[in-house]
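A, B, ... follow the sequence lines: proteins, then strands. Residue 1 opens every chain. Only heavy atoms go into these numbers, but all of them, side chains included; no hydrogens, no water, no symmetry mates.
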Protein chains: 2
Amino acid sequence: MKRQTWQRAAVREALTAREGFVSAQDLHTALKAGGSPIGLATVYRALADLAVDGDADSLQSSDGENLYRACISQGHHHHLICRSCGRTVEIEADAIEQWAAQVAAANGFREPRHIVDVFGTCASC
Amino acid sequence: MKRQTWQRAAVREALTAREGFVSAQDLHTALKAGGSPIGLATVYRALADLAVDGDADSLQSSDGENLYRACISQGHHHHLICRSCGRTVEIEADAIEQWAAQVAAANGFREPRHIVDVFGTCASC
DNA sequence: GCGATTTTGACAATCGTTCTCAGATAGCCC
DNA sequence: GGGCTATCTGAGAACGATTGTCAAAATCGC
């Protein structure tokens, strides 16, 4: 059974409060700065749980960190990410879903899953 | 100026000899096994150089490793990767390129670059 | 409140990658 | 071929993100 603890709530809250993607380390630092005596390992565990439950999105940054973000639209979607300020826009892409499924099928691949993210420099940067 | 050393040649060769994506560590192990007293750091450097020169493709595996692969088609392309055996198929996707550029433009993002990879289980797995 | 069970947190361990620096080497000039 | 100098190499240390460990603390059902 999954228990309710203030630590998990704090992580979820801190994640929701952020606009873009955050690393686990950043989130931990922010929580500490905000007065929560929360442990780093706990933040990692909470984030992993959130990601599993579908409440958070995760992706790997170019330098190998895992970044997390509170999911706004629950379903499957992709991101347009500013490489300068980190601002993200969630994008729907039915065309891509279909394309991926079709390409996979054409090559005999089953259970296709895809990674599709677009990076760019946003208007205000 | 860039020098020609047998180490770099060995790395390039070992990479070309492999079919799918390989991690730097794997490549190093393979080279050592093949008799080359090459250093791990050198393999990393050589791979990074190859990637910069566009002679190798790189992507991050789901567990945080950097994987490399000798590029067959020189231009920009994507991959269909078997999550079981690691077999890869290079796929061209003009539609995706256009879609990415369009989505970026629609949101005011400049210099769009995108990550598009499809994972699945291939026919023989 | 009680007890069983899960969660936490400090710290160590791990793992891939990068850094450091002395020594080796490639490429150039003679 | 010999010499010179900038670049490259390799062993190991350093690094940074993440995960494992385990005793102590907290939660939930009763």
Side-chain angles (χ1 to χ4, degrees), chain A residues 1-15 18 20-53 55-69 81 83 86 115 117, chain B residues 1-15 18 20-53 55-69 81 83 86 115 117:
Chain A
M1 190 225 325
K2 194 170 287 181
R3 294 184 180 173
Q4 198 64 13
T5 64
W6 66 264
Q7 286 95 335
R8 269 182 226 265
V11 169
R12 181 186 294 249
E13 220 168 283
L15 191 62
R18 293 293 194 104
F21 280 89
V22 209
S23 71
Q25 311 265 352
D26 276 358
L27 213 55
H28 177 234
T29 306
L31 283 163
K32 284 280 224 186
S36 304
I38 194 172
L40 179 56
T42 305
V43 174
Y44 273 100
R45 280 184 290 238
L47 284 174
D49 285 353
L50 286 173
V52 167
D53 295 350
D55 291 334
D57 244 7
S58 75
L59 64 79
Q60 276 180 52
S61 79
S62 51
D63 58 333
E65 270 181 317
N66 277 336
L67 302 183
Y68 296 88
R69 182 189 201 282
I81 305 157
R83 68 163 63 86
I115 299 174
D117 285 299
Chain B
M1 191 224 327
K2 196 169 285 181
R3 292 185 181 170
Q4 198 63 15
T5 63
W6 66 263
Q7 287 97 335
R8 269 183 227 265
V11 169
R12 181 185 295 247
E13 221 168 283
L15 190 63
R18 294 293 195 103
F21 280 87
V22 209
S23 70
Q25 312 262 355
D26 278 356
L27 213 55
H28 177 234
T29 306
L31 283 163
K32 285 280 224 185
S36 304
I38 195 172
L40 179 58
T42 305
V43 174
Y44 274 100
R45 280 185 289 238
L47 284 174
D49 283 354
L50 286 173
V52 167
D53 294 351
D55 292 334
D57 243 7
S58 74
L59 64 79
Q60 276 181 52
S61 80
S62 52
D63 58 334
E65 269 181 318
N66 276 335
L67 302 182
Y68 295 88
R69 180 188 203 281
I81 305 157
R83 67 164 63 85
I115 299 174
D117 285 300

### Message
Minimum heavy-atom separation for B:Arg18 and B:Asp26, please, with both atom names.
### Response
NH2-O, 4.2 Å
### Task
Check B:Leu31 against B:Ala10 and note the closest heavy-atom contact, atom names and distance.
CD2-O, 3.8 Å
### Message
Is B:Asn66 close enough to C:dT17 that one of its side-chain N or O atoms is under 4.0 Å from OP1 or OP2 there?
### Response
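Yes, within the criterion.
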### Query
Looking for any heavy atom pair under 4.0 Å, which part of the strands does A:Ile38 touch: base, sugar-phosphate only, or nothing?
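Sugar-phosphate contact only - A:Ile38 comes under 4.0 Å of backbone atoms but never of a base.
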### Task
Select base, sugar-phosphate, or nothing to describe what B:Gln25 touches, counting heavy atoms under 4.0 Å on all strands.
base
#### Entry: Salt-bridge criterion met for B:Arg12 and B:Asp53 (N-O under 4.0 Å)
no
### Task
Let me know the distance between CG of B:Leu47 and C1' of C:dT17, rounded to the nearest Å.
12 Å
### Task
Starting from C1' on C:dT7, measure out to CG on A:Leu50 and report it in whole angstrom.
15 Å
Please enumerate all residues that pass side-chain contact (heavy atoms from CB on, under 4.5 Å) together with [X], with sequence neighbours excluded.
X       : answer
B:Asp49 : B:Arg8
A:Ala41 : A:Arg45
B:Leu40 : B:Gln25, B:His28, B:Tyr44

### Summary
A correct 5'-to-3' footprint of nucleotides 19-30 of chain C, with B, S and - meaning base, sugar-phosphate only and no protein heavy atom under 4.0 Å, is BB----BBS---
### DNA chain D-proximal residues of residues 26-34 of chain A, any heavy atom under 4.0 Å
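Within residues 26-34 of chain A, no residue comes under 4.0 Å of DNA chain D.
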### A:Leu15, A:Leu67, A:Leu47 screened by side chain to side chain contact (heavy atoms under 4.5 Å, CB included) with A:Val22, the one that passes
A:Leu15
### Message
With side-chain hydrogen bond (donor to acceptor under 3.5 Å, both in side chains) as the rule and sequence neighbours excluded, what pairs involving residues 29-39 of chain A come up?
### Response
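Non-adjacent pairs meeting side-chain hydrogen bond (donor to acceptor under 3.5 Å, both in side chains): zero.
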### Task
Please report how far the helix from C:dG1-D:dC30 to C:dC30-D:dG1 bends, comparing the axis fitted to its first five pairs with the axis fitted to its last five, to the nearest 10 degrees.
40°
### Query
Is any side-chain heavy atom of B:Thr42 less than 4.5 Å from a side-chain heavy atom of B:Thr5?
no
### Task
Walking along DNA chain D from 5' to 3', note the first and the last nucleotide with an atom under 4.0 Å from a heavy atom of chain B, and give both.
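Both ends considered, the range comes out as D:dA6 to D:dA11.
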